[in-house]
Protein chains: 2
Amino acid sequence: MSTSDKPREIGKDIGYFIRDLRRNAGVSLRQLAEKAGVSNPYLSQVERGLRKPSAEVLQQIASALRVSTPVMYLRAGLLDDRDGPGVLAAIAADPDLTVAQKQTLSQIYETFRREITRDTDTIEEET
Amino acid sequence: MSTSDKPREIGKDIGYFIRDLRRNAGVSLRQLAEKAGVSNPYLSQVERGLRKPSAEVLQQIASALRVSTPVMYLRAGLLDDRDGPGVLAAIAADPDLTVAQKQTLSQIYETFRREITRDTDTIEEET
DNA sequence: AGATCACGCTAGCTATAGCAAGCATTTCGC
DNA sequence: GCGAAATGCTTGCTATAGCTAGCGTGATCT
């Protein structure tokens with residue numbers, strides 16, 4: 001494994017992300033560690049960027065914080081932006097959603113994308 | 001980590017999966033190892049279920065075999081059916097959304113899915 | 001036949017993930 | 001004020017991920 005990758009840089013990012021999520025959820029380090037099934041000294045090291053957690057641990061933390069595992073993986077660099085099929089196709093194919101829910105979710109998604117596109121266009125135009 | 005989990009059972013599964021993919025792609029162990037950036041003895045151990053690869057290594061192997069990373073993660077037990085190739089993975093992988101938007105969309109999606117589950121329970125109870 | 005190459009593997013090693021034991025400090029309840 | 005509880009962290013440890021060096025075997029080349 002390449003030592004020039006500087007995993008501690010990524011580790012700091014995912015660590016701060018986890019700490020922010022935990023604090024926003026209003027739970028202590030020990031409480032989250034217990035829910036996630038990891039030791040509290042280890043969670044402290046992860047949050048401070050001193051240890052790089054495995055995907056299994058990230059999965060457990062995501063579950064304990066009620067955050068989707070793919071979002072956690074994305075932040076940890078374990079998933080690319082390019083992975084997975086398109087959101088709209090996935091929404092349409094989901095068997096657990098009603099038609100009304102699919103429509104609502106798709107509309108919210110496209111609103112978000114239009115927000116980003118508008119911001120990007122504005123910035124580019126001004127530049 | 002619990003020793004009763006028997007990670008070797010899962011390891012055998014992902015190992016066979018990788019070996020099948022490799023053979024179907026018509027490449028040797030050394031060729032795949034080189035493309036994936038791992039050592040060939042290690043890849044041999046992984047394929048034979050003797051070592052449990054990290055998510056980073058799985059990502060590299062998936063890329064070398066031109067298989068989507070979520071599919072590989074699903075097979076390795078690092079993603080659930082529910083957040084594997086599906087809506088949550090697609091949301092996480094979307095390059096056009098901010099992290100905040102991804103989280104909001106994921107939470108709305110899971111709220112919808114919980115509504116469906118509750119409705120289903122109610123219907124079942126009444127029957 | 002002998003040399004070389006490609007293959008998949010074994011053996012032994014280092015770095016680190018993740019833990020238990022215990023510490024210092026702060027907060028809480030009496 | 002005091003003792004208990006809760007918090008976040010340090011220290012030292014074990015298990016294993018991933019590697020390098022080298023092996024035995026079969027295929028290929030001269």
Side-chain angles (χ1 to χ4, degrees), chain A residues 1-65 72-73 76-78, chain B residues 1-65 72-73 76-78:
Chain A
M1 200 158 296
S2 170
T3 52
S4 61
D5 270 340
K6 286 197 176 272
R8 299 290 166 80
E9 302 292 328
I10 297 181
K12 278 219 164 72
D13 182 60
I14 188 63
Y16 291 151
F17 182 60
I18 291 171
R19 178 160 281 187
D20 283 348
L21 290 173
R22 172 174 69 76
R23 285 177 171 163
N24 287 344
V27 297
S28 69
L29 185 126
R30 282 182 182 240
Q31 286 172 325
L32 175 57
E34 185 166 347
K35 278 179 79 182
V38 299
S39 74
N40 79 77
Y42 182 59
L43 181 57
S44 173
Q45 287 181 306
V46 167
E47 287 191 355
R48 287 180 288 123
L50 300 180
R51 288 293 200 207
K52 179 184 158 102
S54 66
E56 286 84 359
V57 163
L58 290 174
Q59 202 176 18
Q60 290 164 233
I61 292 173
S63 173
L65 287 172
M72 183 73 82
Y73 284 175
L78 298 181
Chain B
M1 202 158 296
S2 171
T3 52
S4 62
D5 270 340
K6 285 195 181 275
R8 299 290 166 79
E9 300 294 327
I10 298 183
K12 277 212 165 73
D13 182 59
I14 188 63
Y16 291 150
F17 182 60
I18 290 172
R19 178 161 281 187
D20 283 347
L21 290 172
R22 173 174 67 78
R23 284 176 170 162
N24 285 344
V27 297
S28 71
L29 185 128
R30 285 185 181 234
Q31 287 171 323
L32 176 56
E34 185 167 347
K35 278 179 81 182
V38 300
S39 73
N40 82 75
Y42 183 60
L43 180 57
S44 174
Q45 287 180 308
V46 167
E47 286 192 355
R48 287 180 287 124
L50 300 180
R51 291 291 201 204
K52 181 182 157 95
S54 67
E56 286 86 358
V57 164
L58 289 174
Q59 204 175 17
Q60 290 164 232
I61 293 173
S63 174
L65 287 171
M72 182 73 83
Y73 284 174
L78 299 181

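Protein chains get the first letters and strands the later ones, always in sequence-line order, with residue 1 at the start of each. For the numbers below, each heavy atom of this structure counts, side chains included, while hydrogens, waters and symmetry mates do not.
For C:dC9, the OP1/OP2 oxygens have a side-chain nitrogen or oxygen of B:Arg48 closer than 4.0 Å. Distances shown here put every side-chain N or O of B:Arg51 at or beyond 4.0 Å from the OP1 or OP2 atom of D:dA15. The side chain of B:Ser54 places no N or O atom within less than 4.0 Å of a non-bridging phosphate oxygen (OP1 or OP2) of D:dA17. Residue B:Ser39 has no polar side-chain atom (N or O) positioned under 4.0 Å from OP1 or OP2 of D:dG18. Taking only side-chain nitrogens and oxygens, A:Arg22 comes nearer than 4.0 Å to OP1 or OP2 of D:dG8.
The separation between A:Gln45 atom CD and C:dA20 atom P is 13 Å, rounded to whole Å. Rounded to whole angstrom, the span from the CZ atom of A:Arg30 across to the P atom of C:dA24 amounts to 15 Å. If you measure from atom CD of B:Glu56 to atom C1' of C:dA15, you get 14 Å, rounded to the nearest angstrom. Whole-Å rounding puts the B:Lys52 NZ to D:dA17 C1' distance at 11 Å. Distance B:Leu50 CG to D:dA15 P: 18 Å, rounded to the nearest Å. The separation between A:Glu34 atom CD and C:dG18 atom C1' is 17 Å, rounded to whole Å. The distance from atom OH of B:Tyr42 to atom P of C:dA11 is 18 Å, rounded to the nearest whole Å. In this structure, CG of A:Leu29 is placed 12 Å from P of C:dC19, rounded to the nearest angstrom.
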Report the C-alpha separation of A:Gln60 and A:Glu56 in whole Å, then their side-chain angles, then the decisive distance to 0.1 Å, and conclude whether the side-chain contact (heavy atoms from CB on, under 4.5 Å) test is met.
CA-CA 6 Å; A:Gln60 290 164 233; A:Glu56 286 84 359; 4.2 Å; yes
Start with the C-alpha distance between A:Met72 and A:Leu78, add both sets of side-chain angles, then the distance that settles side-chain contact (heavy atoms from CB on, under 4.5 Å), and finish with yes or no.
CA-CA 9 Å; A:Met72 183 73 82; A:Leu78 298 181; over 6 Å; no
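For the pair B:Ile61 and B:Leu21, the minimum side-chain heavy-atom distance is 4.5 Å or more. The side-chain heavy atoms of B:Arg48 and B:Arg19, taken from C-beta on, include a pair separated by under 4.5 Å. Between B:Val46 and B:Val38, the closest side-chain pair of non-hydrogen atoms is not below 4.5 Å.
Looking at which nucleotide of DNA chain C each of B:Pro41 and B:Gln31 is closest to, the 5′-most match is held by B:Gln31.
Side-chain atoms of B:Asn40 and base atoms of C:dC7 include no donor and acceptor less than 3.5 Å apart.
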